[in-house]
Amino acid sequence: MSLFYRSTRDDSVKVTASQAILKGLAADGGLYVPEQIPALDKSFEELSKMSYQEVAYEVMKLMLDDFTEEELKNCINKAYDSKFDTKVIAPLVKADGAYYLELFHGSTIAFKDMALSILPHLLITSAKKNNVKNEIVILTATSGDTGKAALAGFADVKGTKIIVFYPKHGVSPIQEKQMVTQKGDNTYVIGINGNFDDAQTGVKKIFGDKELEKVMNEAGYQFSSANSINIGRLVPQIVYYVYAYARLLADGEVKAGEAINVVVPTGNFGNILAAFYAKNMGLPIHKLICASNENKVLYDFFTTGIYDRNREFVLTTSPSMDILISSNLERLIYRIAGNSAEKNASLMQSLKESGKYEITDDMKAQLSDFYGNYATEAEDAAMIKKLYEDTGYVIDTHTAVAASVYEKYQKETGDTTKTVIASTASPYKFTRSVMDAIDNKYDVMSDFELVDELSKLSKVKVPQAIEDIRTAPVLHDTICDVDKMCDNVKRILHI
Ligand SMILES: *Cc1c(COP(=O)(O)O)cnc(C)c1O
């Protein structure tokens with residue numbers, strides 16, 4: 001074992017991968033980062049003959065090097081199984097000259113499944129390795145997608161319970177139906193009378209309650225989170241970029257060593273950071289193209305070197321990218337600051353106090369791997385329509401942000417490098433926006449009528465995840481006030 005993780009805000013912190021997974025966030029509020037990024041030790045030819053699970057092992061063994069081969073393979077095999085509706089797990093589809101990497105074949109038909117299907121197994125393995133005897137209780141506040149993906153990931157995983165709070169009147173009907181029909185004896189879903197911020201604040205308060213922590217510990221429980229900053233979510237996301245490259249090579253689309261571009265529809269900066277790590281592991285990536293929607297903080301950051309969250313929050317049709325603080329960007333900032341916890345911590349302090357910070361020219365010069373741009377709502381819809389009309393391929397609203405930014409990039413640069421676009425959600429997850437983009441005549445139809453219509457038009461079978469919720473019984477109907485959240489947690493845990 002030789003790879004340790006450091007905190008982005010305190011140089012004295014040094015933990016193993018499994019400890020970083022267990023803790024999630026460092027005590028100083030920093031994010032865990034690997035001391036160095038290990039190089040892939042298999043050739044692209046070798047990787048091109050491997051299954052998704054095999055590539056996952058080759059990548060993850062390097063980043064999580066305190067896991068034994070048996071532990072890691074066990075986690076991988078439990079995660080990437082028949083929960084995915086295709087054996088290849090993440091298929092590549094060529095349309096209009098680009099390669100769409102479909103990351104939505106898991107149980108909730110969005111890319112969060114790629115990491116949340118393995119995180120529970122990494123977490124309980126980490127607990128065992130560190131002699132944690134307590135049962136892990138995952139506590140999450142959700143505005144929709146993460147909650148369902150976490151529920152699906154943790155359902156019936158021994159040694160864990162998961163409690164999800166969502167704003168009763170702040171999620172879409174499909175999202176609510178997905179959550180309240182969740183099976184699994186260890187799953188709990190509670191609607192709160194409040195908005196997402198209330199849910200988030202309530203959860204943070206429960207996490208910070210020292211008295212509760214003591215009582216929990218005595219009863220044999222401890223909290224953990226399934227937050228997107230956990231390296232147990234970041235590392236599994238590196239895998240599919242390596243896998244995509246291996247597939248392109250196997251299919252004769254690229255020669256070994258030939259560079260590709262990667263386009264990522266970005267919110268919290270986790271997915272694109274994983275691509276950046278893949279590049280640093282030796283994957284030949286030319287440009288990392290960061291695509292934003294109208295909440296274009298990242299585009300502004302890449303063009304000016306100033307990160308500024310002081311702006312109006314725009315509600316778009318790509319809600320999973322409606323984010324003004326991209327938490328995972330901190331890992332990149334730390335790195336371009338020369339792995340300086342001190343410099344990074346001072347920028348993060350400034351973000352906290354004034355909502356903005358500016359990086360130095362020196363730091364900016366190290367961002368040349370990245371290209372940032374954004375798509376407006378109109379451009380997003382036009383892209384869905386155009387791609388469908390030209391090729392018959394239907395993409396969701398998030399993926400369309402990426403496709404639209406890629407088009408701008410090509411116009412600006414003339415770059416003809418082969419390009420992989422991360423396709424982060426099934427169009428069935430955002431059926432109404434997708435169908436509206438294609439033709440406004442669909443306006444009058446109900447949600448499930450639209451689903452059937454989309455199936456006809458795209459010639460893609462309705463995913464099981466959608467079929468399931470048509471008829472699934474409601475299994476969770478608890479509603480509570482914000483000030484009763486903690487009482488509900490105690491009731492569930494009988495403490
Ligand atoms: C979470 C999410 C994103 C954004 O990914 P980040 O890792 O937060 O940048 C994009 N698209 C979809 C569908 C998502 O669920």
Side-chain angles (χ1 to χ4, degrees), residues 17-26 31-32 60 64 75-76 78-80 83 103 106-127 130 132 134-167 171 175 178-179 182-184 186-190 196 199-208 216 221-237 239 267-271 273-274 320 323 326-328 331 424 476 485 489 492-493:
S18 65
Q19 287 165 344
I21 289 172
L22 266 181
K23 291 198 167 112
L25 199 66
L31 275 53
Y32 289 111
M60 293 176 65
L64 309 177
C75 291
I76 290 167
K78 280 185 172 148
Y80 305 111
K83 287 193 284 302
L103 302 173
S107 39
T108 76
I109 58 175
F111 104 98
K112 304 279 190 299
D113 290 329
M114 300 303 294
L116 280 166
S117 56
I118 192 165
L119 178 72
H121 304 291
L122 295 175
L123 203 54
I124 55 170
T125 308
S126 298
N130 290 279
V132 171
N134 287 337
E135 188 167 341
I136 307 280
V137 180
I138 301 290
L139 206 56
T140 300
T142 184
S143 55
D145 284 348
T146 304
K148 175 61 190 182
L151 283 163
F154 280 92
D156 289 326
V157 173
K158 284 204 181 63
T160 71
K161 285 192 182 2
I162 174 162
I163 308 173
V164 171
F165 291 100
Y166 73 95
V171 299
Q175 284 175 324
Q178 275 194 312
M179 287 191 280
Q182 178 65 49
K183 295 188 197 121
N186 64 338
T187 64
Y188 304 88
V189 180
I190 299 173
F196 171 63
Q200 179 96 325
T201 308
V203 163
K204 279 192 184 150
K205 213 166 127 190
I206 299 173
F207 268 122
M216 295 254 306
Y221 293 116
Q222 73 187 56
F223 286 130
S224 189
S225 97
N227 205 301
S228 90
I229 48 85
N230 194 310
I231 61 145
R233 279 185 63 178
L234 195 56
V235 171
Q237 294 180 352
V239 173
N268 225 352
F269 209 73
N271 200 1
L273 186 76
S320 304
I323 283 175
S326 302
S327 320
N328 271 298
R331 289 187 161 110
T424 51
H476 306 269
M485 286 170 65
V489 170
I492 288 165
L493 301 178

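At least one side-chain heavy atom of Phe165 sits under 4.5 Å from a side-chain heavy atom of Leu139. Here the side chains of Lys158 and Ile124 are not in contact, with every heavy-atom distance at 4.5 Å or above. The closest side-chain heavy-atom distance from Pro167 to Val171 is below 4.5 Å. For the pair Leu116 and Thr108, the minimum side-chain heavy-atom distance is 4.5 Å or more. Residues Arg331 and Phe269 fail the side-chain proximity criterion, which asks for heavy atoms closer than 4.5 Å. No side-chain heavy atom of Met114 sits less than 4.5 Å from a side-chain heavy atom of Pro236. Within the 4.5 Å cutoff, no side-chain heavy atoms of Ser228 are placed close to those of Thr146. Val137 is listed as a side-chain neighbour of Leu493, based on a closest heavy-atom distance under 4.5 Å.
No donor-acceptor pair under 3.5 Å is formed between the side chain of Tyr188 and the backbone N or O of His476. Side chain of Lys112 to backbone of Ala149: no donor-acceptor contact under 3.5 angstrom is found. A donor-acceptor pair under 3.5 Å links the side-chain atoms of Arg233 to the main chain of Ala226, judged by distance alone. Of the possible donor and acceptor atoms, none in the side chain of Lys148 sits under 3.5 Å from a partner among the backbone N and O of Ser107. Side-chain atoms of Asn268 never come within 3.5 Å of backbone atoms of Gly270 as a donor-acceptor pair (strictly under, hydrogens ignored). Remark: the backbone N or O of Gly153 is not paired with any side-chain donor or acceptor of Ser117 at under 3.5 angstrom.
Put simply, CG on Leu122 and CD1 on Ile76 are 8.5 Å apart, with the number rounded to the nearest 0.5 Å. With rounding to the nearest 0.5 Å, the separation of SG in Cys75 from CD1 in Ile118 is 5.5 Å. To the nearest 0.5 Å, atom CE of residue Met179 and atom OG1 of residue Thr187 are 12.0 Å apart. In this structure, the separation between CD on Gln182 and CD1 on Ile162 is 8.0 Å, given to the nearest 0.5 Å. Atom-to-atom distance recorded for Phe154:CZ and Thr140:OG1 is 7.5 Å, nearest 0.5 angstrom. Here the OG1 atom belonging to Thr424 is positioned 11.5 Å from the CG atom belonging to Asp113, to the nearest 0.5 angstrom.
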Would you sort out whether Ile492 and Ile190 count as a side-chain contact (heavy atoms from CB on, under 4.5 Å), showing the intermediate values?
CA-CA 11 Å; Ile492 288 165; Ile190 299 173; 4.0 Å; yes

I would like to know whether Ile163 and Met485 meet side-chain contact (heavy atoms from CB on, under 4.5 Å); could you show each step before the answer?
CA-CA 11 Å; Ile163 308 173; Met485 286 170 65; over 6 Å; no

Walk me through it: do Leu103 and Asn271 pass the test side-chain contact (heavy atoms from CB on, under 4.5 Å)?
CA-CA 11 Å; Leu103 302 173; Asn271 200 1; 4.3 Å; yes

Set out, in order, the CA-CA distance, both residues' side-chain angles and the distance that settles side-chain contact (heavy atoms from CB on, under 4.5 Å) for Lys78 and Val157, then state yes or no.
CA-CA 10 Å; Lys78 280 185 172 148; Val157 173; over 6 Å; no

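When Ile138, Ile136, Ile206 are each tested for a side chain to side chain contact (heavy atoms under 4.5 Å, CB included) with Phe223, only one passes: Ile206.
Shortest non-hydrogen contact noted between Gly184 and Asp156 is CA-OD1, 3.6 Å. Residues Asn230 and Ile21 share a closest heavy-atom pair of ND2-O, 3.0 Å. Minimum heavy-atom separation, Asn134 to Tyr221: ND2-O, 3.6 Å. Considering every non-hydrogen atom in both Gly267 and Ser326, the closest pair reads O-OG, 2.7 Å.
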